[in-house]
Amino acid sequence: MEDDQVAESGSYNSVAVLIPCYNEEQTVGKVVADYLRYLPGSRILVFDNNSSDGTVRRAREAGATVVASHRQGKGHVVRHMFSEVEAEIYVMVDGDDTYPAEEAPRLVDEFLRVRADMVVGTRIEHPEVGAFRAFHRFGNHLVARLISMLFGIQVTDVMSGYRVFSRDFVKAVPLFAKGFEIETEMTLQAAAKEFSIREIPVEYRARPKGSISKLNTYSDGFLVLKTILSIFKDYKPLVFFTFLSAFLGLLSLASGLGPVEDFVTTGLVPRFPRAILAAGLGILSALSLSVGVILETLVKFERESYQLWRRMAKWQKR
C-alpha cells in the first residue's frame with residue numbers, strides 16, 4: 001500500500017500539509033520551509049483566511065500553494081481544506097510557528113504504525129514558558145477531563161492545532177464549528193463516531209515577539225463548552241436527557257413539598273401556584289426522559305447505518 005511505501009522510503013508524496021492562516025506574515029514562511037524540509041515530497045497548502053498583511057506573498061515565496069478561503073473563521077477554513085484537498089494522509093498545523101515541524105515525521109510514522117484515524121500532537125507535557133495564555137492551560141485540562149468522562153475516552157489536549165488525519169476521517173466526518181472550537185469538535189466527532197485517536201506529546205513554543213494570537217479566552221471558551229454540550233446531546237441523548245429529567249424532577253419535588261405538606265395537614269392547598277409549578281416541572285421531567293429514550297433509539301440506528309456505510313465505502317475503495 002502507498003502508506004507503507006511512505007514509511008519505508010521516507011518520501012511523503014501521499015501527505016498533504018494543510019496550514020490555515022490569518023495574518024501570519026511573520027511566521028508562515030518559516031513554517032512552510034520547515035515542512036518542506038522535514039516532510040520531503042509532501043504538498044504544502046496554505047489556506048489564507050482574508051489576511052491583510054503579507055501572509056500570501058511570504059507563503060508563496062517559501063514554496064507553498066496558496067488557496068484563498070474567504071469565509072472568516074478557522075472552522076470554515078478547516079471545512080474548506082477538507083473538501084478541497086485529496087490525499088491519503090493529512091497533516092494540519094497552525095501557521096504561527098508554535099508547533100515543531102521536526103516532529104511531523106514522528107507523528108506520521110505513529111499514524112501509520114497504529115493505523116489511527118487521528119494523531120494529535122499534545123502540548124501539555126512540553127510547553128515553553130509563555131506558550132500558554134492565562135487560563136488556557138487550565139481550561140484545556142478542564143475540557144479534556146469533561147470529554148474523557150462524557151465519552152469514555154482518554155484525551156489530554158483537545159485544542160491542539162497539530163494533527164494527522166486519515167482520509168476516512170477527513171471525508172466522512174461532518175464538522176459545523178465556525179471558529180477556534182473546531183479542534184474540540186474534531187475530537188468529539190472522532191469519539192462519537194468511533195474513530196481511533198492517538199496522542200503524542202510535542203514541544204509547544206511561545207509565539208515569536210510581535211506575533212499576536214487570535215484566540216479570545218472567554219468567547220472561544222464559551223463556544224468550546226457549547227460545542228461539547230451540543231454534541232453530547234446529539235450523540236448521547238439518553239444520558240443528556242436523563243440528567244435533565246433528574247434536574248427537573250428534583251425541582252418538582254422541591255416545589256411540591258410545601259403544597260403536599262399543607263394538604264396532608266389541613267386538607268387544603270393554599271399555595272396553589274407552587275402546586276401548579278410542581279406539576280408542570282414533573283410533567284417536563286417525564287417528557288425529557290421520554291425524549292431521551294426515543295432519541296437514543298434513533299441515534300443507535302444512525303450509528304449502525306454510519307458504520308455500515310463506512311464498511312461499504314472501504315470495500316468499494318479496494
Side-chain angles (χ1 to χ4, degrees), residues 75 135-136 138-156 158-159 173-195 197 216-307:
F135 302 115
H136 280 200
F138 170 76
N140 193 356
H141 178 72
L142 181 64
V143 171
R145 288 289 299 274
L146 182 61
I147 291 173
S148 298
M149 180 181 66
L150 294 179
F151 288 88
I153 60 174
Q154 188 61 44
V155 292
T156 60
V158 299
M159 300 178 190
V173 171
L175 299 171
F176 302 98
K178 299 177 182 179
F180 287 100
E181 71 274 21
I182 186 68
E183 284 94 355
T184 303
E185 185 185 25
M186 287 189 287
T187 298
L188 287 166
Q189 288 284 18
K193 296 189 178 301
E194 299 181 2
F195 284 90
I197 305 172
N216 184 289
T217 302
Y218 302 105
S219 62
D220 289 318
F222 172 77
L223 288 174
V224 166
L225 292 176
K226 181 181 175 183
T227 299
I228 293 172
L229 286 176
S230 177
I231 291 181
F232 185 49
K233 172 180 65 67
D234 292 341
Y235 291 96
K236 300 281 187 180
L238 183 58
V239 179
F240 180 88
F241 283 100
T242 296
F243 275 111
L244 181 59
S245 175
F247 176 70
L248 292 171
L250 289 174
L251 289 180
S252 176
L253 287 174
S255 301
L257 282 176
V260 169
E261 184 180 357
D262 292 340
F263 181 76
V264 170
T265 305
T266 67
L268 301 174
V269 185
R271 289 182 278 187
F272 199 63
R274 284 188 60 180
I276 295 175
L277 176 62
L281 288 171
I283 292 171
L284 288 175
S285 176
L287 285 174
S288 295
L289 186 59
S290 300
V291 167
V293 172
I294 294 169
L295 289 179
E296 185 71 19
T297 302
L298 294 175
V299 166
K300 182 180 179 182
F301 175 76
E302 187 273 339
R303 189 181 298 121
E304 291 172 350
S305 299
Y306 184 80
Q307 293 299 332

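Sequence positions, counted from 1, serve as the residue numbers for this chain.
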Where is the tightest heavy-atom contact between [X] and [Y], given as atom of each residue plus distance?
X: Gln189; Y: Pro174; answer: NE2-O, 3.0 Å
X: Ala278; Y: Ser252; answer: O-OG, 2.7 Å
X: Lys233; Y: Phe241; answer: CG-CE1, 4.2 Å
X: Val299; Y: Pro237; answer: CG2-CG, 3.7 Å

Checking the side chain of [X] only, and the main-chain atoms of [Y] only, is there a donor and an acceptor separated by less than 3.5 Å?
X: Ser148; Y: Val155; answer: yes
X: Thr265; Y: Glu261; answer: yes
X: Ser290; Y: Ala286; answer: yes

Hey, what do you get for [atom1] ([X]) to [atom2] ([Y]), rounding to the nearest 0.5 Å?
X: Leu277; Y: Leu281; atom1: CG; atom2: CG; result: 4.5 Å
X: Ile153; Y: Leu188; atom1: CD1; atom2: CG; result: 7.5 Å
X: Leu289; Y: Leu284; atom1: CG; atom2: CG; result: 12.5 Å
X: Leu248; Y: Phe243; atom1: CG; atom2: CZ; result: 13.5 Å
X: Lys300; Y: Glu302; atom1: NZ; atom2: CD; result: 13.5 Å
X: Arg271; Y: Ile276; atom1: CZ; atom2: CD1; result: 14.0 Å

For this session: Give a yes or no on whether Lys178 atom NZ has more than 12 heavy-atom contacts from other residues, nucleotides or ligands under 6.0 Å away.
Result: no

Within the structure provided, determine whether [X] and [Y] are in side-chain contact (heavy-atom separation under 4.5 Å).
X: Met159; Y: Thr184; answer: yes
X: Phe151; Y: Lys236; answer: yes
X: Thr297; Y: Phe301; answer: no
X: Met186; Y: Val173; answer: no
X: Val239; Y: Leu150; answer: no

